[in-house]
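What follows is a short report on a single structure.
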Protein chains: 2
Amino acid sequence: MLTQKAKYAIKALVYLAQNEGLAKTKDIAETARIPKKFLESILLELKSHHLVESVQGAHGGYRLLKKPADISLADIHRMFEGPIALLYCASLNFYKPCPDCEDVESCQLRRAMIHVRVQTLRALQDITLQRMVEGEGFARQE
Amino acid sequence: MLTQKAKYAIKALVYLAQNEGLAKTKDIAETARIPKKFLESILLELKSHHLVESVQGAHGGYRLLKKPADISLADIHRMFEGPIALLYCASLNFYKPCPDCEDVESCQLRRAMIHVRVQTLRALQDITLQRMVEGEGFARQE
DNA sequence: CTTTAATTCTACTAAATTTATAGGATTTAA
DNA sequence: TTAAATCCTATAAATTTAGTAGAATTAAAG
């Protein structure tokens, strides 16, 4: 399950993908029904990950730094939830061997979790901000 | 990511699938490196879900109630982690509409999460205790 | 130069969840 | 009657989650 924070991050990014130009925290918060103070910290985190940029002062706000087609749910998941895999030992980006595992290579649990991660990752990569805004399905293209 | 508890549950079930007849908590705990007291509560939970049965008293222990081919990671995940979907609104078994969602049917976020859930669920259903014990791959059969 | 509206920064907190542990009650075989 | 096992209730430390509070900083506009 996603945390509220990750869900809010996705909704904020979808808002930014739909509204070109600068968007104010206040407007995003009201439209997407996100607590404003919480959203502030989320936007700063998105900024630190170079997904958005900000303009300070009056008439300031946030905008996307990348094209909506270049931001996928896999990216957002990794930023706010960490590994897509169900165990660190099955992760691509957050790999850690289990402290108690005898042989990582032959571990059946790991093999199973890699199978799951491959499928989940593909599904998450299928979904870009652009596709979410377009409103079409998410079947994989050929 | 899985909780330790869910990971322990899987390891305990794999142990039971590998060892027919009664298995003692102590033996499972030592072999699978699970804190014994924690494992006790996990086995009781598995029992309440009718995945295992127990025999009390001296020479007691636990055994599987179902065939290893009939227990998948999807089942175990739902027992210990809840929804396989990333949001309740995209779940089959734990469906709840988002409290703030205007129209569940047209929600793009939900559509995306259903796409992810379909893929993850299939992957988790692919993996049965039998397959984990057999030690082969988990590619989908035709 | 002052006001206003926005982002940025630091700190704090309440609640829930996770990961167990403690200790005894109960059951059954030998 | 003893020993070995499951079963039950309660507790607790650590971590994570989901925020909130309040002030500092920045910049546009008059």
Side-chain angles (χ1 to χ4, degrees), chain A residues 1-12 16 19 21-30 32-65 77 79-83 86-88 94 98-100, chain B residues 1-12 16 19 21-30 32-49 51-65 77 79-83 86-88 98-100:
Chain A
M1 294 281 290
L2 289 187
T3 57
Q4 282 289 95
K5 191 177 181 181
K7 181 182 167 186
Y8 290 158
I10 297 168
K11 290 181 80 173
L16 291 177
N19 298 272
L22 285 178
K24 294 168 194 169
T25 305
K26 193 179 170 228
D27 293 339
I28 304 172
E30 284 169 5
R33 306 197 195 182
I34 303 170
K36 180 165 174 275
K37 274 292 193 178
F38 199 14
L39 178 59
E40 280 180 17
S41 66
I42 291 167
L43 287 167
L44 286 173
E45 203 167 336
L46 286 169
K47 186 183 163 186
S48 79
H49 284 290
H50 308 291
L51 274 199
V52 306
E53 63 183 352
S54 69
V55 174
Q56 286 198 356
H59 298 100
Y62 291 91
R63 71 167 74 91
L64 287 183
L65 254 182
H77 191 285
M79 282 173 201
F80 288 90
E81 302 280 4
L86 291 172
L87 295 176
Y88 283 108
F94 298 84
C98 296
D100 58 318
Chain B
M1 293 280 292
L2 289 188
T3 57
Q4 282 289 96
K5 192 176 182 181
K7 181 182 167 186
Y8 290 159
I10 297 169
K11 290 180 81 173
L16 292 176
N19 298 272
L22 286 177
K24 295 167 193 166
T25 305
K26 192 178 171 231
D27 293 339
I28 304 172
E30 284 170 4
R33 306 196 195 181
I34 303 171
K36 181 165 173 275
K37 276 292 195 180
F38 199 13
L39 178 59
E40 280 180 20
S41 67
I42 290 167
L43 287 167
L44 286 174
E45 203 166 334
L46 286 169
K47 187 183 162 187
S48 78
H49 284 291
L51 273 199
V52 306
E53 63 183 352
S54 69
V55 173
Q56 285 199 358
H59 298 101
Y62 291 90
R63 72 167 75 89
L64 287 184
L65 255 183
H77 191 284
M79 283 174 201
F80 289 90
E81 303 280 7
L86 291 173
L87 295 176
Y88 283 108
C98 295
D100 57 319

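In what follows, every chain begins at residue 1, and chains take the letters A, B, ... in the order their sequences are listed.
Between the CD atom of A:Glu45 and the P atom of C:dC9 there is a distance of 13 Å, given to the nearest Å. The separation between A:Leu46 atom CG and C:dT8 atom C1' is 15 Å, rounded to whole Å. Between A:Ile42 atom CD1 and D:dG19 atom C1' the separation is 10 Å, expressed in whole Å. The separation between A:Leu43 atom CG and D:dG19 atom C1' is 15 Å, rounded to whole Å. Between the CG atom of B:Leu22 and the C1' atom of C:dT28 there is a distance of 13 Å, given to the nearest Å. Per the geometry, CD belonging to A:Glu40 stands 13 Å off C1' belonging to D:dT25, to the nearest Å. In this structure, CG of A:Asp100 is placed 14 Å from P of C:dT19, rounded to the nearest angstrom. The separation between B:Glu30 atom CD and D:dA5 atom P is 10 Å, rounded to whole Å.
Among D:dT6, C:dT28, C:dA6, the nucleotide with an atom closest to any side-chain atom of A:Lys24 is C:dA6. Comparing D:dT6, D:dG19, C:dA20 by their closest approach to the side chain of B:Phe38 singles out C:dA20.
Remark: the B:Gln56 side chain and the D:dC7 base include no donor-acceptor N/O pair separated by less than 3.5 Å.
Applying the 4.0 Å criterion to OP1 and OP2 of D:dG19, one finds that A:Tyr8 has a side-chain N or O inside that range. Contact between the side-chain N/O atoms of B:Thr25 and the OP1/OP2 oxygens of D:dT6 is found at a separation under 4.0 Å. At C:dT19, none of the side-chain N or O atoms of B:Lys37 fall inside 4.0 Å of OP1 or OP2 (strictly under the cut-off). Regarding contacts with the backbone of D:dC7, a side-chain N or O of B:Ser54 is found under 4.0 angstrom from either OP1 or OP2.
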Under-3.5 Å N/O pairs linking protein and nucleotides 13-18 of chain C:
none

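A donor-acceptor contact shorter than 3.5 Å links the side chain of A:Lys11 to the backbone of A:Ala32. For the pair B:Glu81 (side chain) and B:Thr3 (backbone), a donor-acceptor distance under 3.5 Å is present.
Proximity of B:Tyr62 to B:Leu44: side-chain heavy atoms (C-beta onward) are separated by under 4.5 Å at one or more points.
Ion pairing of B:Glu30 with B:Lys36 is absent here, as no side-chain N (NZ or NE/NH1/NH2) approaches a carboxylate O to less than 4.0 Å. The residues A:Glu53 and A:Arg63 are annotated as salt-bridged, a charged nitrogen and a carboxylate oxygen being separated by less than 4.0 angstrom.
Looking at heavy-atom distances under 4.0 Å, B:Lys5 makes contact with sugar-phosphate atoms alone, never a base.
Taking both residues in full, the closest heavy atoms of B:His59 and B:Leu22 are given as O-CD1, 3.5 Å, listed atom of the first, atom of the second, then distance. Taking each heavy atom of A:Tyr8 and A:Arg33 in turn, the nearest pair found is CE2-O, 4.2 Å.
Take the nearest nucleotide of DNA chain D for A:His59 and for B:Lys47: the residue whose nucleotide is more 5' is B:Lys47.
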